[in-house]
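Here's the structure, in structure tokens; my notes come after.
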Amino acid sequence: MSSLSAKISLDANRTIGEISPLLFGGFAEHMGRCIYEGVYEPKSAHAAAAGMRTDVLEALRAQRYTTIRYPGGNFLSGYNWLDGVGPQDRRPRRRELAWQSLETNQFGTNEFMGFCQAIGAAPMLGVNMGTGTIQAAADLVDYCNTPAGTYYSDLRTRHGYSAPHKVKYWCVGNEMDGPWQMGALSAHEYGAKAREAAKLMRWIDPSIQTVLCGSSNDQMPTYPEWDRVALEEAWEQMDYLSMHYYAGNRDNDTPSFLASAVQFERFVDTLEGTLRYVKAKRRSKHEVYLSWDEWQVWYKGDPLQGNWTEAPHLAEEMYNLEDALVVGQWLNVFLRKSHVLKIACVAQIVNVISWLHTRGDELLKQPSFYVFELVSTHARGQALDLWVQAPLQNTQKYGDVPVLDVAASLDPASGDGAIFLVNRSLADSVLAELSWVDGSTVTLDKGWQLAGSDPKALNSWEQPNNLVAQPIALPRVADGQATVQLPPLSFTVLTTHSRQRNG
Ligand code: AHR
């Protein structure tokens, strides 16, 4: 193992944008064991009165999720929300076509609101644009948000919820460009339907914010034309354009996989350009931002069809060190694109493509769990526009890529900051010289590192703490400079406190 050198400059006056708290959201779908046996399991020894697993709630609280997107996903496009409200013993059991499973509807909109409250997250509800109508979408807003005195708000009261749920964030459909979607539409058809749905939804509650479906990923043949056309149809009725992407190391090309941030940034840049183009073309003063409301590593090939059973084991991905380092870069990209990216939801929060698994009454936290927890806990305020000089390493997919991936935040109100560093090298450690160049006095408060020598190492039920973020000894800051050692295959977080010299 050899050692490389890098330089990083931080300047409180050079900022990218305000870090939206909603960048630390999650996604919960009626798929596999995410809801049933994940969030909700009345027979579990951990179940609270409402049937939710307290061990899962506690882990989700530790991750500080700010919003949860629900109920799908592909599930959404066949979902009748009325199936999931009212007395549980009268709710229908149905064939669920997206994942070929049996849906009992024991968990629905009101249970979801209780769940969000329990973990302190804002609900982000989807309306069905596949088999669903614009009327049913508007009715759900009425059910959730009207205080009283309408058919649907009174129905909510009869169901035991007299106070309105005040749901602010609404996804108007899911992946409507995908041939796999129930009721898939062309961009023109979808854009027009989403515009009309959002119009009715906003007439019922003008305070809501809406998310338009963008392309299902940047490999779709219709990308980014789909996004342009749908945006042109629905611009004034939408606040966000959604992005989805699942990364994977399918060719076992770890150097390229560990440079995935290059692709994530290009995806955002292209859609930022599309937003600007449509805004200009429409001569609009209205702003639309990006919502990366499905993101995760997903490629290991677990089953996706449930053979018409309840809570089947679907997509229960096991994550290793290289996957965790991709998650670290992804979160760094969120900070570096914080001027345009305002919502992000990791897919999903438990069991399904998740770094948190349940097995009976046990719970397993995978390496990327700790990466997300550290960033969602410490990234606050403004994202800093860093100057980074790091050696390049060659990758088959992206050419030369810097060995370090770095982002930093600073909350001007408190002076608290954080630096997030991924060393993507398989073999070389990096000695990184940090310089604060804005004249403030900086101290390093705390540091953690998740690192290992084997990119395929993971946490198993037998060895659950194999890869955990460990506290590290901090270097001294002298004359506005400090040097930190970053081992190969590592994710490091340093928290800082700054004071203006004359303040
Ligand atoms: O998160 C799993 C699935 O991935 C979602 O249902 C769908 O939106 C995406 O294709």
Side-chain angles (χ1 to χ4, degrees), residues 25-36 38-39 65 67-79 81 95-101 103 107 112 124-132 169-185 190 194 211-223 226-227 230 240-248 250 267 290-306 311-319 323 327 330 343-357 368 372:
F27 169 46
E29 176 168 10
H30 283 252
M31 172 182 177
R33 299 192 309 127
C34 179
I35 298 298
Y36 306 110
V39 165
Y65 284 110
T67 185
I68 303 289
R69 177 174 177 258
Y70 169 88
N74 297 343
F75 170 85
L76 176 66
S77 296
Y79 184 51
W81 65 266
R95 277 185 197 265
E96 197 291 292
L97 298 183
W99 308 111
Q100 304 207 348
S101 307
E103 174 56 54
F107 190 94
F112 173 64
M124 186 173 173
L125 269 192
V127 293
N128 176 354
M129 289 287 104
T131 63
Y169 305 102
W170 292 84
C171 297
V172 188
N174 176 72
E175 294 189 352
M176 295 304 295
D177 60 332
W180 57 86
Q181 204 68 219
M182 290 173 257
L185 297 170
Y190 165 66
V211 185
L212 180 75
C213 296
S215 293
S216 294
N217 57 67
D218 64 353
Q219 310 297 306
M220 295 296 287
T222 45
Y223 167 81
W226 162 278
D227 305 74
Y240 306 91
L241 174 73
S242 85
M243 304 170 66
H244 290 182
Y245 187 67
Y246 293 94
R250 285 180 193 82
F267 193 8
L290 296 176
S291 168
W292 202 325
D293 45 43
E294 284 186 34
W295 67 271
Q296 182 52 293
V297 175
W298 183 15
Y299 65 103
K300 298 192 180 93
D302 278 7
L304 289 179
Q305 300 298 333
H313 286 248
L314 304 182
E316 302 209 355
E317 198 95 344
M318 290 296 285
Y319 292 114
D323 299 330
V327 165
W330 219 321
I343 302 179
C345 304
V346 67
Q348 301 187 8
I349 55 171
V350 57
N351 286 333
V352 177
I353 16 177
S354 179
W355 46 58
L356 184 68
H357 282 192
S368 35
F372 183 88

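Here, residue 1 is the first one in the sequence, and each next residue gets the next number. Atoms considered below: every heavy atom in the structure, side chains included; atoms not considered: hydrogens, waters and symmetry mates. Whatever order the structure lists them in is the order used to number ligands and atoms, beginning at 1.
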*Answer yes if the side chains of Glu103 and Tyr36 hold a donor-acceptor pair under 3.5 Å, and no otherwise.*
yes
*Determine the interplanar angle of the Trp330 and Trp295 rings, folded into 0 to 90°, and report it as parallel if under 30°, tilted if 30 to 60°, perpendicular if over 60°.*
tilted
_Residues lining ligand 1 [heavy-atom distance under 4.0 Å, listed by chain and residue number]_ = Phe27, Glu29, Met31, Gly73, Asn74, Trp99, Asn174, Glu175, Tyr246, Glu294, Trp298, Gln348, Ile353
_Ignoring hydrogens and geometry beyond distance, is a side-chain donor-acceptor pair present between Tyr246 and Glu294 at under 3.5 Å?_
yes
*Just checking, any donor-acceptor pair under 3.5 angstrom between side chains of Asn128 and Thr131?*
yes
*Which of parallel (below 30°), tilted (30 to 60°) and perpendicular (above 60°) describes Tyr190 and Trp226?*
parallel
*Test side chain to side chain donor-acceptor pair (under 3.5 Å) applied to Gln296 - qualifying residues, sequence neighbours left out*: none
